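Lettering of chains follows the sequences in order, A, B, ..., and the numbering in each one begins at 1. Computed from a predicted structure; not experimentally measured. Reckoned from all heavy atoms, side chains included, excluding hydrogens, waters and symmetry mates.
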Amino acid sequence: MKAPKSTLPPDFYQRVFELVRTIPRGRVTTYGHIARTLGLKSSARLVGYALTLSNQMGFDVPAHRVVNRQGLLTGKMHFGGPEVMADLLRAEGIEIENDQVQDFKRLLWDPASP
DNA sequence: ACGTTGACCTATA
DNA sequence: GTATAGGCCAACG
(Lines give C-alpha, C1' and ligand atoms only; values in the text may rest on other atoms or scores of the structure.)
Protein backbone atom coordinates (compact mmCIF):
# COMPACT_ATOMS: atom_id res chain seq x y z
CA MET A 1 0.00 0.00 0.00
CA LYS A 2 0.97 3.39 -0.40
CA ALA A 3 2.73 4.81 2.50
CA PRO A 4 5.45 7.02 1.25
CA LYS A 5 5.18 8.90 4.51
CA SER A 6 6.37 12.17 3.15
CA THR A 7 7.85 14.24 5.86
CA LEU A 8 6.05 17.30 4.64
CA PRO A 9 3.25 17.32 2.08
CA PRO A 10 3.59 19.90 -0.68
CA ASP A 11 0.17 21.28 0.16
CA PHE A 12 1.01 21.58 3.79
CA TYR A 13 0.76 25.34 3.89
CA GLN A 14 -2.51 25.41 2.01
CA ARG A 15 -3.80 22.74 4.32
CA VAL A 16 -3.04 24.85 7.36
CA PHE A 17 -4.71 27.90 5.84
CA GLU A 18 -7.89 25.99 5.11
CA LEU A 19 -8.06 24.55 8.57
CA VAL A 20 -7.41 27.88 10.28
CA ARG A 21 -10.11 29.45 8.16
CA THR A 22 -12.59 26.97 9.58
CA ILE A 23 -12.02 28.27 13.07
CA PRO A 24 -15.24 29.96 14.23
CA ARG A 25 -15.19 33.54 15.37
CA GLY A 26 -14.65 33.95 19.07
CA ARG A 27 -12.84 30.63 19.33
CA VAL A 28 -9.19 29.61 19.47
CA THR A 29 -7.14 26.55 18.72
CA THR A 30 -3.60 25.38 19.23
CA TYR A 31 -0.77 24.50 16.89
CA GLY A 32 -0.63 20.98 18.20
CA HIS A 33 -4.24 20.27 17.32
CA ILE A 34 -3.75 21.58 13.83
CA ALA A 35 -0.58 19.58 13.38
CA ARG A 36 -2.32 16.42 14.50
CA THR A 37 -5.28 16.99 12.26
CA LEU A 38 -2.96 17.33 9.31
CA GLY A 39 -1.03 14.26 10.35
CA LEU A 40 2.03 16.05 11.66
CA LYS A 41 1.68 14.86 15.21
CA SER A 42 5.15 16.11 15.91
CA SER A 43 6.06 19.26 14.12
CA ALA A 44 3.80 21.92 15.45
CA ARG A 45 6.60 24.36 14.69
CA LEU A 46 5.93 23.93 11.03
CA VAL A 47 2.36 25.08 11.60
CA GLY A 48 3.59 28.29 13.14
CA TYR A 49 5.96 28.81 10.28
CA ALA A 50 3.16 28.36 7.79
CA LEU A 51 1.11 30.99 9.56
CA THR A 52 4.08 33.31 9.54
CA LEU A 53 4.25 33.01 5.78
CA SER A 54 0.53 33.68 5.54
CA ASN A 55 0.95 36.90 7.47
CA GLN A 56 3.96 37.99 5.45
CA MET A 57 2.15 37.24 2.24
CA GLY A 58 -1.04 38.90 3.42
CA PHE A 59 -3.29 35.88 3.13
CA ASP A 60 -6.74 36.14 4.66
CA VAL A 61 -6.03 33.70 7.42
CA PRO A 62 -7.24 34.39 10.97
CA ALA A 63 -3.93 33.42 12.47
CA HIS A 64 -4.77 35.43 15.55
CA ARG A 65 -7.12 32.60 16.52
CA VAL A 66 -4.21 30.23 16.80
CA VAL A 67 -2.28 30.18 20.05
CA ASN A 68 0.11 27.84 21.75
CA ARG A 69 -0.73 25.05 24.19
CA GLN A 70 -0.65 27.40 27.13
CA GLY A 71 -3.11 29.77 25.51
CA LEU A 72 -0.40 32.38 25.26
CA LEU A 73 -0.05 34.70 22.28
CA THR A 74 3.44 33.68 21.37
CA GLY A 75 3.26 35.01 17.83
CA LYS A 76 1.93 38.43 18.64
CA MET A 77 5.18 39.95 17.47
CA HIS A 78 4.67 38.72 13.94
CA PHE A 79 1.50 40.64 13.37
CA GLY A 80 3.26 43.88 12.71
CA GLY A 81 2.50 45.04 16.23
CA PRO A 82 2.65 43.61 19.74
CA GLU A 83 -0.92 44.59 20.48
CA VAL A 84 -2.46 43.68 17.17
CA MET A 85 -3.12 40.02 17.94
CA ALA A 86 -4.61 40.73 21.35
CA ASP A 87 -6.74 43.48 19.89
CA LEU A 88 -8.07 41.19 17.18
CA LEU A 89 -9.01 38.56 19.72
CA ARG A 90 -10.67 41.15 21.90
CA ALA A 91 -12.68 42.29 18.92
CA GLU A 92 -14.04 38.75 18.73
CA GLY A 93 -15.16 38.77 22.32
CA ILE A 94 -12.13 37.00 23.76
CA GLU A 95 -10.61 38.41 26.90
CA ILE A 96 -6.86 38.83 26.84
CA GLU A 97 -4.78 39.50 29.90
CA ASN A 98 -1.04 39.88 29.74
CA ASP A 99 -0.92 38.25 26.30
CA GLN A 100 -2.82 35.32 27.69
CA VAL A 101 -6.28 34.11 26.74
CA GLN A 102 -8.75 34.03 29.59
CA ASP A 103 -10.98 30.98 29.83
CA PHE A 104 -8.69 29.46 27.26
CA LYS A 105 -9.89 25.96 27.87
CA ARG A 106 -13.46 27.08 27.41
CA LEU A 107 -12.80 28.93 24.17
CA LEU A 108 -10.62 26.18 22.81
CA TRP A 109 -12.00 24.72 19.63
CA ASP A 110 -10.99 21.35 18.29
CA PRO A 111 -10.79 21.16 14.48
CA ALA A 112 -11.68 17.47 14.53
CA SER A 113 -14.40 17.84 17.11
CA PRO A 114 -16.80 20.65 16.32
C1' DA B 1 27.36 22.15 2.70
C1' DC B 2 27.02 23.06 7.97
C1' DG B 3 25.11 25.35 11.88
C1' DT B 4 21.54 27.98 14.05
C1' DT B 5 16.92 29.53 14.61
C1' DG B 6 12.02 29.07 15.38
C1' DA B 7 4.09 31.56 16.11
C1' DC B 8 5.87 24.16 19.52
C1' DC B 9 4.89 19.69 22.01
C1' DT B 10 5.52 15.61 24.99
C1' DA B 11 7.75 13.22 28.50
C1' DT B 12 10.20 12.76 32.88
C1' DA B 13 11.51 14.23 37.73
C1' DG C 1 0.93 21.22 40.58
C1' DT C 2 5.62 23.26 38.51
C1' DA C 3 10.36 22.78 36.45
C1' DT C 4 13.73 20.82 33.19
C1' DA C 5 15.21 18.21 29.10
C1' DG C 6 14.71 16.29 24.67
C1' DG C 7 12.70 15.84 20.14
C1' DC C 8 10.99 17.44 15.74
C1' DC C 9 11.38 19.26 10.91
C1' DA C 10 11.87 23.01 7.72
C1' DA C 11 13.89 27.47 6.38
C1' DC C 12 17.66 31.04 6.81
C1' DG C 13 22.58 32.74 7.17
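- Taking a 6.0 Å sphere around CD of Q70(A), one finds it holds 12 or fewer heavy atoms contributed by other residues, nucleotides or ligands.
- Using modelled atom types, one finds no donor on one side chain facing an acceptor on the other under 3.5 Å when comparing H78(A) with N55(A).
- Counting heavy atoms from C-beta on, the side chains of L38(A) and V16(A) come closer than 4.5 Å.
- Heavy-atom contacts of chain A under 4.0 Å fall on DNA chain B between two terminal nucleotides, which in 5' to 3' order are dG6(B) to dT10(B).
- In this structure the side chain of T29(A) never reaches within 4.5 angstrom of the side chain of D110(A), judged on heavy atoms.
- Comparing dG6(C) with dA7(B), their P atoms are spaced 22 Å from each other, to the whole Å.
- For the contact set between residues 45-74 of chain A and DNA chain C, defined by any heavy atom under 4.0 Å, the members are R45(A), L46(A), Y49(A).
- Note on F12(A): nothing from the nucleic acid sits closer than 4.0 angstrom, heavy atoms only.
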List the steps and the verdict of side-chain contact (heavy atoms from CB on, under 4.5 Å) for L72(A) and F104(A). CA-CA 9 Å; L72(A) 193 71; F104(A) 165 67; over 6 Å; no
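- At a threshold of 4.5 Å between non-hydrogen side-chain atoms, the residues F59(A) and L53(A) do not count as touching.
- For residues 75-94 of chain A, the salt bridge (Lys or Arg N to Asp or Glu O under 4.0 Å) pairs, not counting sequence neighbours, are R65(A)-E92(A), K76(A)-D99(A).
- Between T22(A) and P111(A) the shortest side-chain heavy-atom distance does not fall below 4.5 Å.
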